[in-house]
Amino acid sequence: MKLSKAFIPTLKEVPADAVIPSHILMLRTGMVRMLSAGIYSFLPLGYKVLKKIENIIREEMDAIGGQEFHLPGLNPREIWEQTNRVEAFGDTMFHVKNRDYVLAPTHEEIMTYHAKGALKSYKELPQIWYQIQTKFRNEPRPRSGIIRGRQFLMKDSYSFDSSLENLDKSYDLHARAYRNIFERCGIKFFVVGASSGAMGGSKSEEFMVKSDAGEDTVAYCEKCGYAANVEVAQSISADIARNAESKELYEISTPNIKSIDELCGFLNISETECAKSRIYVLDGVPILVLMLGNDEVNEIKLEAAVGSGVRPAHPEELKEITGADAGSIGPVGFKGRIIADKRLKNANNMFSGANKNDYHIGGIDFDRDVKSADFFDLRTVQPGEKCTRCSAKLDVFKAIELGHIFKLGTKYTEALGANFLDESGKDHPIIMGSYGIGVDRVLACYLEQNHDDKGIVWDFRLAPFHFHLIGLNMKKPEIVQACNDIYFNLRQMSYDVIFDDRIDAQAGFKFNDADLLGMPVQIIVGDKNLQEKCVEIKIRKTGERYKISLEEFYIKVKELI
RNA sequence: CGGGGUGUAGCGCAGCCCGGUUAGCGCGCUUCGUUCGGGACGAAGAGGCCGGGAGUUCAAAUCUCCCCACCCCGACCA
């Protein structure tokens, strides 16, 4: 492709609305343009990369026996009503106004619809069906460019099996295929075991990429690969060492002392000598939750411990429940149920509120004074804490979900009546698995991970072009001639080449565009080198440059790829 | 849906408080000339319903009200 003819509208300046690197780079390199919030057009350069990603996915899906479909985005609402998902998706689903159609946010229903009546015998199973299609979701707030859009490209596949054991096999095939796909795309990813949420089903895993633009927060151990959403993640958090001697309880006047920090300052003690109290309400019944120092209550873990539906007590309720306002609440004398974080187990000589405004109590011995407490892991993992598996330090960061695989079970086949006959002629709902990849997210994540201050750094696997040929001073016939030869020959060797043949662009301008667009190898043809029958090769990633004779050039090229 | 912010040339912005000739600047674009290995220089140009509507006023990019779009934080997120 000649750059003078290519529609690759690069931007020198950073568009005001783009915040994260992938979004900025996609706009600056002319890969995408926004049409409306969360709705993007892919321009030729961006689409070229997208197709490369799709093809990697196709190869890996085909390798596990997947068969590609192309399903409609426009679906009859009726099918979605049979599985109750019009209601489940709610406002997230787009509805067509003048027909009873919806825009498909995913395709379980449609695949199951086609399986119904078509897959009748256990002999026809397993099947793995997939497609790469645009999905529509009315996100309340699109953001981060392509990462969270109202319309996005997704590879989704569905397995149909006759038994749970066979589902395991289909699932494992996908688990391996997904690893291959992300590795081939050059993405650094990790896998998180997750709950499968509203989709229903049992085991599931998410393929995640570390990114500040992510929507999930995860704890991750680089050493052993432990990864979990912070909602459920655990760490080895040091328990409090019990002092040899337990003091007696004593009341302290602490006027206007509310927070743990204030208390520590006032009494000149450390955080780990304090038990913080929070009041929660479950089904109208108050529960006192105790945390060590400034540890925050993880409400997901709390629900796991006491049951779902807990809420923090309103400030007005506190006095009625405990006799004091927030900041002066504590376990001693509290009459209701007490739940404590396990770090507090066996602790003694602790400080906490006195259930009397402006007073705290010291010398609290949890074994002696808070006998009714039940202990659970209730805290949120903090960075630097130790991994429960290998004791290495945990990292906590934001991450983007790139892929999700899970064992669906029979939710959809039952709802739509997709049954098969087993060996004994008995009817069963087909057992399904469901597996998704955000195809355009792969692109965005690749860019998040592979750029520098100059622009994109492609490697050969996803690069829209292998080589960026730069002819400096295209007014000189020798240079034009040399460039045309290289351009022709490389294409004969079936490489993709973008050729900056612009006559009016200065050298520096071309170099900067080349660095921005980020093709793995730049070939620079200039006057001085050419007089010595040489050209220059620059490796985008490392910045290394080689001056090389035209004879050796094609050999060197093969080495590079 | 709550909070904050922004809409002025293709892109990035100034002007708005405090209303007043023809609405500016940088980049980009067109033409000519010079330059030609790290975002060149000179000259001449083109390009605007100042997001939309209603109002106030002799007069509105500027003040008031309504609407719309987009961004950020939060809620939400199969």
Side-chain angles (χ1 to χ4, degrees), chain A residues 9-20 23-24 27-28 30 33-40 80 83-93 104-109 135-145 147-150 152 154 156 158 194-201 204 206 212-217 229 231 400-401 403-406 408 411-412 434-438 441 454-455 470-476 478-480 500 502-516 522-531 534-536 538 543 545 547:
Chain A
T10 58
L11 301 173
K12 200 195 283 192
E13 287 171 292
V14 178
D17 286 344
V19 174
I20 64 166
H23 190 196
I24 291 169
L27 289 170
R28 287 195 59 205
R33 285 286 119 101
M34 188 177 81
L35 184 62
S36 176
I39 304 176
Y40 287 83
W80 289 84
T83 56
N84 217 10
R85 287 176 102 201
V86 174
E87 199 191 336
F89 272 104
D91 196 46
T92 302
M93 183 179 255
T106 173
H107 278 90
E108 278 82 5
E109 277 77 358
K135 312 281 177 186
F136 302 90
R137 289 183 199 178
N138 184 22
E139 295 296 343
R141 190 185 146 207
R143 68 182 93 179
S144 305
I147 288 172
R148 189 165 196 80
R150 294 212 164 103
F152 55 95
M154 180 164 158
D156 47 328
Y158 306 91
S195 67
S196 41
M199 296 294 272
S204 88
E206 288 176 341
D212 288 336
E215 297 167 317
D216 297 299
T217 306
N229 198 302
E231 289 174 353
I400 297 169
E401 180 188 342
H404 195 172
I405 58 175
F406 55 100
L408 251 188
K411 177 177 160 146
Y412 299 99
S434 169
Y435 318 89
I437 292 178
R441 275 189 182 181
K454 293 238 160 202
I470 301 171
L472 302 174
N473 199 350
M474 291 297 286
K475 281 175 187 156
K476 301 215 165 161
E478 319 86 80
I479 291 181
V480 173
D500 193 342
R502 290 175 296 182
I503 296 169
D504 48 351
Q506 299 275 300
F509 199 94
K510 292 188 174 190
F511 289 139
N512 282 310
D513 256 2
D515 287 344
L516 174 64
Q522 296 171 13
I523 300 158
I524 301 152
V525 181
D527 217 9
K528 281 178 209 148
N529 282 334
L530 199 58
Q531 279 169 21
C534 286
V535 295
E536 183 177 309
K538 176 179 159 185
R545 294 154 183 276
K547 184 174 165 183

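Throughout, protein chains are lettered first and strands after them, A, B, ... in sequence-line order, and every chain is numbered starting at 1.
Taking atom CZ on A:Phe152 and atom P on B:C77, their separation rounds to 15 Å, with Å as the unit. Counting to the nearest Å, the C1' atom of B:G38 and the CG atom of A:Asn512 are 6 Å from each other. B:C36 atom P lies 18 Å from atom CG of A:Asp500, rounded to whole Å.
Scanning atom types as modelled, no donor and acceptor separated by under 3.5 angstrom connect the side chain of A:Asp527 and the base of B:G37. On a pure distance criterion of 3.5 Å, no polar donor-acceptor pair joins the side chain of A:Asn473 and the base of B:G37. Within 3.5 Å, a donor on the side chain of A:Glu13 pairs with an acceptor on the base of B:G26, or the reverse. Residue A:Arg545 places a side-chain atom within donor-acceptor reach of the base of B:G38, judged by atom type and a 3.5 Å distance cut-off alone.
Heavy atoms of A:Met154 sit under 4.0 angstrom from at least one base atom.
For A:His23, the ring pair (Phe, Tyr, Trp, His ring centres under 6.0 Å) criterion is met by A:Tyr40, not counting sequence neighbours.
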Going through the checks in order, is the side-chain hydrogen bond (donor to acceptor under 3.5 Å, both in side chains) test met by A:Gln522 and A:Asp515? CA-CA 9 Å; A:Gln522 296 171 13; A:Asp515 287 344; 2.8 Å; yes

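No side-chain donor-acceptor contact under 3.5 Å links A:Glu139 and A:Thr92.
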So if I define the base as every atom that isn't primed, P, OP1 or OP2, how would nucleotides 68-75 of chain B read as a B/S/- string at a heavy-atom cutoff under 4.0 Å? --SSBBBB

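Candidate nucleotides B:C77, B:U35, B:G38 were compared by shortest atom distance to the side chain of A:Glu215, and B:C77 ranks first.
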